[in-house]
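Contents: one structure, followed by commentary.
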Amino acid sequence: MALKLYGAPMSTCTARVLVSLHEKDLDFELIPVDLFAGEHKQPPFVSKNPFGLIPVLEDGDLTLFESRAIASYVAEKFKETGTDLIRHQDLKEAALVRVWIEVESQQYNPAISPIVYQHFVAPMQGKSPDQTIIDANVEKLGRVLDIYEAKLSKSKYLAGDFYSLADLSHLPYTYYLMKTPCASLINERPRVKAWWEDISSRPAFKKVAGSMTFGGK
Ligand code: GS8
């Protein structure tokens, strides 16, 4: 049975899963969820994710939510197909991939998501971006990226000299950040900039990025 992904192409968390599916060259069905109509807060969607958030993946009788967990499942189940995203043949490399997946989730995402939210979502809700929130998170993200700059001077990618789910997980939010004046956070750090140019030029991401538009931006 084909994989079914419920989500919206402009959503960062949906995009994270979409990129992992494309890295694996998998056939899947994308079932659009209309966030503007609040479809994700009502049945039948809330029976798939009781938190009322996209994305959700259905694989036969298995229903998953949380984009990082879904992408890890895809990478594990299809480890022999397409790009090896989890270094499943090397325990130490696999552990480092998990470390940097956690770093994205616990350090990078909390700093970058409010910046993207203020630039893209607030205007769609008729609010002007809150510069105080942007400034505080630019500072926070800058500190995280200083650590990335140092790490990327020692290895080509975050977990080592191989592309992995850890790098992939950074793509969606960074793609939106690069459309804002805060792109300088990436561009001012040569190793981070080179890493970004590399990972964002992968065909699997290009397939997804084309549909990532937020209110026309
Ligand atoms: C977050 C899901 C989420 O916030 C994950 O899947 O990684 N940790 C979860 N989804 C957003 C869209 S992501 O751009 C969502 O569903 N927003 C709708 C809402 O908040 O009502």
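Whatever order the structure lists ligands and atoms in, that order sets their numbers, starting from 1.
Sorted by chain and number, the residues within 4.0 Å of ligand 1 by heavy atom are Ser11, Thr12, Cys13, His40, Lys41, Leu53, Ile54, Pro55, Glu66, Ser67, Arg68.
Taking the six-membered ring where the residue is Trp, the centroids of Trp100 and Tyr108 are separated by 6.0 Å or more.
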Less than 3.5 Å apart, which donor and acceptor atoms pair up between the side chains of residues 35-43 and the rest of the protein, not counting sequence neighbours?
from, atom 1, to, atom 2, distance (Å)
Glu39, OE1, Asp34, N, 2.8
Lys41, NZ, Gly52, O, 2.9
Gln42, NE2, Gly38, O, 3.1

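Lys151 pairs by the side chain to side chain donor-acceptor pair (under 3.5 Å) definition with Ser155, not counting sequence neighbours. Qualifying side chain to side chain contact (heavy atoms under 4.5 Å, CB included) partners for Ala183, counting only residues two or more places apart in sequence or in other chains: Met178, Asn187.
Between the side chain of Glu104 and the main chain of His170, no donor-acceptor pair closer than 3.5 Å is present.
Between the side chains of Asp59 and Tyr73, at least one donor N or O sits under 3.5 Å from an acceptor N or O.
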